[in-house]
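Accompanying notes for the structure given below.
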Amino acid sequence: MAIQRTFSIIKPDATRRNLTGAIVAKFEEAGLRVIAQKRIHLTKMQAGVFYGVHSERPFYDELCEFMSSEPIVVQVLEGENAVARNREVMGATNPSEASEGTIRKEFALSIGENSVHGSDATDTAAVEIAYFFSGLELVG
């Protein structure tokens with residue numbers, strides 16, 4: 001098994017409800033280590049650049065509005081097969097379809113306000129990490 005890094009966001013619905021610590025605990029209990037983390041407040045333009053891959057999708061504007069509505073916590077997680085492990089811990093995008101014990105099953109309010117984002121592949125993770133963190137911020 002390979003040690004990987006992946007990218008994670010704790011979204012506005014979760015930071016608003018003060019769930020950052022509970023969510024980080026889920027990642028750590030699953031064997032993922034936080035190697036970089038910061039709380040930021042995106043502008044709508046910054047959210048738009050980050051989610052640019054979805055710019056033609058009908059939910060894009062609503063997503064950018066939501067992601068810039070309140071602070072978020074961006075973080076880099078490291079561990080064995082971190083991308084897959086992170087996605088497993090997050091659960092299905094739709095919280096009603098997520099497995100028991102996952103972040104989205106426990107904390108998400110809806111499909112749109114689903115508490116967390118995670119990279120879907122190692123190459124995506126590298127791009128997402130580079131958008132938010134400089135090399136000096138990545139400790140390990």
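For the side-chain hydrogen bond (donor to acceptor under 3.5 Å, both in side chains) test, no residue two or more places apart in sequence or in another chain qualifies with Glu97. Glu28 is linked by a side-chain hydrogen bond (donor to acceptor under 3.5 Å, both in side chains) to nothing, counting only residues two or more places apart in sequence or in another chain. Remark: Thr43 engages Gln46 in a side-chain hydrogen bond (donor to acceptor under 3.5 Å, both in side chains) (not counting sequence neighbours). When the side chain to side chain contact (heavy atoms under 4.5 Å, CB included) test is applied to Glu106, the partners found at least two apart in sequence or on another chain are Lys26. Checked against side chain to side chain contact (heavy atoms under 4.5 Å, CB included), Ala47 has the following partners two or more places apart in sequence or in another chain: Leu42, Cys64, Met67.
In this structure, the ring of Phe132 has its center less than 6.0 angstrom from the ring center of Phe7.
Counting only residues at least two apart or in different chains, ring pair (Phe, Tyr, Trp, His ring centres under 6.0 Å) contacts with residues 53-89 comprise His54-Phe59. For residues 82-95, the pairs satisfying side chain to side chain donor-acceptor pair (under 3.5 Å) are Arg85-Glu88, Asn94-Ser96, with sequence neighbours left out. For the salt bridge (Lys or Arg N to Asp or Glu O under 4.0 Å) condition, the pairs that include at least one residue of residues 119-137, sequence neighbours left out, are Lys38-Glu137. The side chain to side chain donor-acceptor pair (under 3.5 Å) pairs that include a residue from residues 6-15 are Ser8-Gln75, Lys11-Asn114, Asp13-Arg17, Asp13-Ser115, where partners are two or more places apart or lie in different chains. Within the structure, salt bridge (Lys or Arg N to Asp or Glu O under 4.0 Å) contacts touching residues 46-62 (residues at least two apart or in different chains) do not occur.
Residue Met90 is found in a hydrophobic cluster whose other members, listed by chain and number, are Ile10, Leu19, Ile23, Val24, Phe27, Leu32, Val34, Val73, Leu77, Val89, Ile103, Phe107, Val116; membership requires side-chain heavy atoms under 4.5 Å apart, directly or through intermediates. As a member of the Ile/Leu/Val/Met/Phe/Trp/Tyr network built from side-chain separations under 4.5 Å, Val83 groups with nothing else and remains a singleton.
If you chain together hydrophobic residues whose side chains sit under 4.5 Å apart, Ile72 and Val127 never meet in one group.
Counting heavy atoms from C-beta on, the side chains of Val74 and Tyr131 never come closer than 4.5 Å.
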